[in-house]
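Keep in mind the model is a prediction, meaning the values are calculated, not measured. In listed order, ligands and their atoms are each counted from 1.
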Amino acid sequence: MLTRVVWSPALLGYDFGPGHPMTPVRLDLTFRLAAELGVLDADGVTLVGAEPASDEVLATAHDPAYVAAVQRASATGRPDPSHGLGTADDPCFPGMHEAAARIVTGSVEAADALWSGEALHAVNIAGGMHHAMRTNAAGFCIYNDAVAAIRRLLDAGAQRVAYVDLDAHHGDGVEAAFWDDPRVLTVSVHESGLTLFPGTGHPTDVGGPHARGTVVNVAVPAGTSDTRWLRAVDAVALTVARAFAPEVLVTQHGCDAHGQDPLTHLDVSVDAQRAAMERVHALAHDVCAGRWLALGGGGYAVTQVVPRVWTHLLAIAAHVPIDVGTPVPEGFAEHVRLITSGGETPATMGDGEPLRAPRGWGEGYDPHDDVDRVILAARRAVFEWHDLDPLYD
Ligand SMILES: [Zn+2]
Ligand SMILES: [Zn+2]
């Protein structure tokens, strides 16, 4: 079993500057914690770096005029608002093109390795740039590595790819890219657009005329917490993904659904996010012969949440899962104290509350529960296209 982990310090170059929420410290801390817990030394784990993707590869996800605009803004530092560059969310920085293009290579080469059988699982924590659009940057995302990786799989001959996005924000860029492509299922479980950027991702958005039912949106209300969030993941995302019978599973694990995240309003613990990863991993083995590409994404509780969640992701993909009761290693805690002038880390790899497993949907739902209503809306919108029963499957 081989698990390919995309990592090199060069990926820390994706840096919008001081004060921006998407600091590369998130990645650095994740790999420090994973290393301290021995995850990166597990049998079968291979670390691989990534050179910047060529214009040809970037053109599989983006308009060449946009790629040229990024290259210009990257070299000159001049804003280009018509392409979403130089905004508060996506400020220009020197080397922006190369840094963003490196992330694309990480995910595209991971897709190659899965398709050729060189790797069974692959993880690119720096990836998951799900808001980047064909012609513009958005929401901290310059190039959409998820789109480029899925295109690579299709170009290599894959007929069915499922993309499951668990970030608190709607996976709008990936959805838009495959809106009318029946070979790609995109499922996003996110905080409702009524309260969160980018404001899209409604259950009635189900894909284009050639691909009805291959776009799935579960827009949970602000405040949704563990058991009900997992119920949404189970009763919609994983149920549809299983029925779609993909050859490869691509998942996005932005960890900004956590209660401590400063940018969102969900309340999903490290433990529940870890439980979702275990379900996704099991699904990959059940239906995709194991072929699983796991990506990072958002996550802005930099010291308290992100390193733990993504270390769990790396550990699950490496087949050395870490118990939530495992103490956070002292070496890691000391490093966090050093960089935060005394800030403390959580004591353990979980949040300390026992996780209740959700009931199966077939055992009944509560029409007065606002999450159950959202789940039912998503199921009613798409289940018929997958020969599933919205009430009982
Ligand atoms: Zn997000
Ligand atoms: Zn596995």
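- The Zn ion (ligand 2) is the vertex of the angle joining NE2 of His281 and NE2 of His319, which measures 100° to the nearest 10°.
- A salt bridge does not link Asp226 with Arg356: none of the charged nitrogens is closer than 4.0 Å to a carboxylate oxygen.
- Under the salt bridge (charged side-chain N to carboxylate O under 4.0 Å, His left out) criterion, Glu384 pairs with no residue, sequence neighbours left out.
- Looking only at its N/O/S atoms, His169 has ND1 as the one nearest to the Zn ion (ligand 1).
- Counting just the N/O/S atoms of Asp167, the one with the shortest distance to the Zn ion (ligand 1) is named OD1.
- For Asp370 and Arg228, the salt-bridge test passes: some basic side-chain N is under 4.0 Å from an acidic carboxylate O.
- When the Zn ion (ligand 1) is compared with the N/O/S atoms of Asp256, atom OD2 turns out nearest.
- Under a 4.0 Å N-O distance rule, the pair Arg379/Asp389 does not qualify as a salt bridge.
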